[in-house]
Amino acid sequence: MNKLHVKTGDTVVVISGKDKGKKGKVLAVSPKEGKIIVEKVNMVSKHVKPRKMGEQGGIIKAEGAFYACKAQVYCSSCKKATRVAHKVNKDGSKIRVCTKCGEKL
(Lines give C-alpha, C1' and ligand atoms only; values in the text may rest on other atoms or scores of the structure.)
Protein backbone atom coordinates (compact mmCIF):
# COMPACT_ATOMS: atom_id res chain seq x y z
CA MET A 1 0.00 0.00 0.00
CA ASN A 2 1.40 3.38 -1.02
CA LYS A 3 0.32 6.39 1.04
CA LEU A 4 -0.12 9.83 -0.46
CA HIS A 5 0.13 13.23 1.23
CA VAL A 6 -3.16 14.36 -0.36
CA LYS A 7 -6.71 13.15 0.23
CA THR A 8 -9.97 13.53 -1.66
CA GLY A 9 -11.43 16.97 -0.95
CA ASP A 10 -8.09 18.71 -0.26
CA THR A 11 -7.27 21.95 -2.05
CA VAL A 12 -3.93 21.64 -3.81
CA VAL A 13 -1.56 23.83 -5.84
CA VAL A 14 0.25 22.38 -8.87
CA ILE A 15 4.00 22.98 -8.44
CA SER A 16 5.33 21.76 -11.82
CA GLY A 17 4.23 21.12 -15.39
CA LYS A 18 2.01 22.97 -17.83
CA ASP A 19 -0.57 23.88 -15.16
CA LYS A 20 1.98 25.21 -12.63
CA GLY A 21 0.40 27.59 -10.11
CA LYS A 22 -3.20 26.42 -10.60
CA LYS A 23 -5.34 25.65 -7.55
CA GLY A 24 -8.12 23.09 -7.36
CA LYS A 25 -9.97 20.52 -5.29
CA VAL A 26 -8.87 16.86 -5.41
CA LEU A 27 -11.64 14.78 -7.00
CA ALA A 28 -10.02 11.34 -6.93
CA VAL A 29 -6.90 9.69 -5.50
CA SER A 30 -5.20 6.54 -6.76
CA PRO A 31 -2.56 5.47 -4.20
CA LYS A 32 -1.59 2.37 -6.18
CA GLU A 33 -0.49 4.49 -9.17
CA GLY A 34 0.50 7.52 -7.06
CA LYS A 35 -1.79 9.78 -9.10
CA ILE A 36 -4.56 12.29 -8.39
CA ILE A 37 -7.30 14.04 -10.37
CA VAL A 38 -7.84 17.75 -9.62
CA GLU A 39 -10.79 19.80 -10.91
CA LYS A 40 -10.00 22.12 -13.86
CA VAL A 41 -6.34 20.98 -13.93
CA ASN A 42 -4.67 18.84 -16.66
CA MET A 43 -7.65 19.06 -19.03
CA VAL A 44 -7.49 16.45 -21.80
CA SER A 45 -9.63 15.89 -24.91
CA LYS A 46 -11.60 12.66 -24.76
CA HIS A 47 -13.28 11.08 -27.78
CA VAL A 48 -16.69 9.68 -26.79
CA LYS A 49 -18.83 7.32 -28.85
CA PRO A 50 -22.62 7.57 -28.62
CA ARG A 51 -23.85 4.74 -26.38
CA LYS A 52 -27.63 5.05 -26.64
CA MET A 53 -29.90 5.70 -29.60
CA GLY A 54 -30.15 9.44 -30.18
CA GLU A 55 -27.19 10.25 -27.92
CA GLN A 56 -24.53 12.42 -29.47
CA GLY A 57 -20.84 11.50 -29.49
CA GLY A 58 -17.93 13.86 -29.91
CA ILE A 59 -14.90 15.31 -28.23
CA ILE A 60 -15.28 16.39 -24.60
CA LYS A 61 -12.84 17.98 -22.17
CA ALA A 62 -12.14 16.01 -18.98
CA GLU A 63 -9.65 16.16 -16.11
CA GLY A 64 -6.70 13.82 -16.50
CA ALA A 65 -4.71 12.15 -13.73
CA PHE A 66 -1.21 13.32 -12.85
CA TYR A 67 1.40 12.34 -10.27
CA ALA A 68 0.69 13.49 -6.71
CA CYS A 69 4.31 14.60 -6.25
CA LYS A 70 3.55 17.50 -8.64
CA ALA A 71 0.99 18.96 -6.18
CA GLN A 72 1.23 20.45 -2.70
CA VAL A 73 -1.57 20.96 -0.18
CA TYR A 74 -2.80 24.57 0.01
CA CYS A 75 -3.14 26.14 3.46
CA SER A 76 -6.12 28.52 3.59
CA SER A 77 -4.88 30.37 6.69
CA CYS A 78 -1.35 31.32 5.47
CA LYS A 79 -2.40 31.32 1.76
CA LYS A 80 0.59 29.20 0.64
CA ALA A 81 1.38 25.74 -0.69
CA THR A 82 2.77 23.66 2.17
CA ARG A 83 3.91 20.23 3.22
CA VAL A 84 1.76 18.20 5.59
CA ALA A 85 2.86 17.58 9.18
CA HIS A 86 1.14 15.23 11.61
CA LYS A 87 0.31 16.20 15.18
CA VAL A 88 -0.87 13.80 17.89
CA ASN A 89 -3.64 15.05 20.18
CA LYS A 90 -3.88 14.27 23.90
CA ASP A 91 -6.51 11.60 23.21
CA GLY A 92 -4.11 9.84 20.79
CA SER A 93 -5.75 10.86 17.50
CA LYS A 94 -3.59 12.22 14.67
CA ILE A 95 -4.42 15.41 12.76
CA ARG A 96 -2.80 16.93 9.66
CA VAL A 97 -1.36 20.41 10.14
CA CYS A 98 0.44 23.03 8.03
CA THR A 99 4.23 22.97 8.47
CA LYS A 100 4.47 26.76 8.05
CA CYS A 101 1.78 28.08 10.41
CA GLY A 102 0.72 24.97 12.39
CA GLU A 103 -2.98 25.44 11.48
CA LYS A 104 -5.20 22.36 10.99
CA LEU A 105 -5.68 21.33 7.33
Side-chain angles (χ1 to χ4, degrees):
M1 251 334 247
N2 298 331
K3 285 192 85 173
L4 296 177
H5 62 285
V6 290
K7 294 183 177 183
T8 305
D10 284 350
T11 304
V12 295
V13 178
V14 180
I15 56 171
S16 68
K18 65 177 185 181
D19 293 322
K20 183 178 179 178
K22 284 189 181 178
K23 269 193 297 188
K25 198 171 117 184
V26 177
L27 301 174
V29 177
S30 178
K32 195 173 182 180
E33 295 174 328
K35 292 185 175 186
I36 58 173
I37 297 174
V38 180
E39 67 179 350
K40 296 189 176 87
V41 176
N42 193 26
M43 298 301 282
V44 293
S45 296
K46 198 172 177 183
H47 295 260
V48 181
K49 280 178 97 171
R51 295 286 169 207
K52 296 176 192 161
M53 196 71 164
E55 191 178 288
Q56 196 173 8
I59 302 168
I60 61 163
K61 290 273 190 183
E63 289 96 354
F66 64 96
Y67 286 105
C69 62
K70 293 178 179 260
Q72 272 191 324
V73 178
Y74 180 77
C75 179
S76 56
S77 61
C78 61
K79 307 278 190 267
K80 292 179 184 173
T82 181
R83 293 194 306 269
V84 177
H86 297 280
K87 190 176 176 184
V88 180
N89 287 335
K90 291 178 182 173
D91 63 336
S93 62
K94 271 199 229 178
I95 57 166
R96 300 186 319 147
V97 293
C98 172
T99 54
K100 293 181 180 176
C101 66
E103 203 65 33
K104 185 180 173 189
L105 293 173

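From a predicted model like this one, the values you see are computed outputs, not experimental measurements. Start at 1 with the first residue, then count along the sequence.
Annotation for I15: hydrophobic cluster partners, listed by chain and number, are none (ILVMFWY side-chain heavy atoms under 4.5 Å, direct or chained). Cluster note: I95 groups with V97 through ILVMFWY side-chain heavy atoms spaced under 4.5 Å, whether in direct contact or through intervening members. Here I60 is tied into one hydrophobic group with V48, each link being a pair of ILVMFWY side chains closer than 4.5 Å. In this structure, V13 shares a hydrophobic cluster with Y74, the cluster being traced through Ile, Leu, Val, Met, Phe, Trp and Tyr side chains under 4.5 angstrom apart.
Remark: K22 engages D19 in a salt bridge (charged side-chain N to carboxylate O under 4.0 Å, His left out) (not counting sequence neighbours). With sequence neighbours excluded, the residues forming a side-chain contact (heavy atoms from CB on, under 4.5 Å) with C101 are C75, S77, C78, C98, E103, listed by chain and number. Residues satisfying the side-chain hydrogen bond (donor to acceptor under 3.5 Å, both in side chains) criterion with T11, sequence neighbours excluded, are absent altogether. For T99, the side-chain hydrogen bond (donor to acceptor under 3.5 Å, both in side chains) partners are T82, not counting sequence neighbours. For S93, the side-chain hydrogen bond (donor to acceptor under 3.5 Å, both in side chains) partners are N89, D91, not counting sequence neighbours. R96 is linked by a side-chain contact (heavy atoms from CB on, under 4.5 Å) to K7, D10, V84, H86, counting only residues two or more places apart in sequence or in another chain.
At least one donor-acceptor pair under 3.5 Å links the side chain of K79 to the backbone N or O of S76.
Among pairs with a residue in residues 47-73, none fulfils side chain to side chain donor-acceptor pair (under 3.5 Å), at least two apart in sequence or across chains.
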May I have the list of side-chain donor-acceptor pairs in residues 32-43 shorter than 3.5 Å, sequence neighbours left out?
unit_1, atom_1, unit_2, atom_2, d
E33, OE1, S30, OG, 3.3
N42, ND2, G64, O, 3.3
N42, ND2, A65, O, 3.2

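Scanning all heavy atoms of the two residues, the minimum distance from T8 to L27 falls at CG2-O, 3.5 Å. Considering every non-hydrogen atom in both H5 and A68, the closest pair reads CE1-O, 3.2 Å.
When the side chains of ILVMFWY residues are joined at heavy-atom separations under 4.5 Å, either directly or via intervening members, F66 and L4 end up in a single hydrophobic cluster.
Annotation for K87: atom NZ does not count as buried by contact number, only 12 or fewer foreign heavy atoms lying within 6.0 Å.
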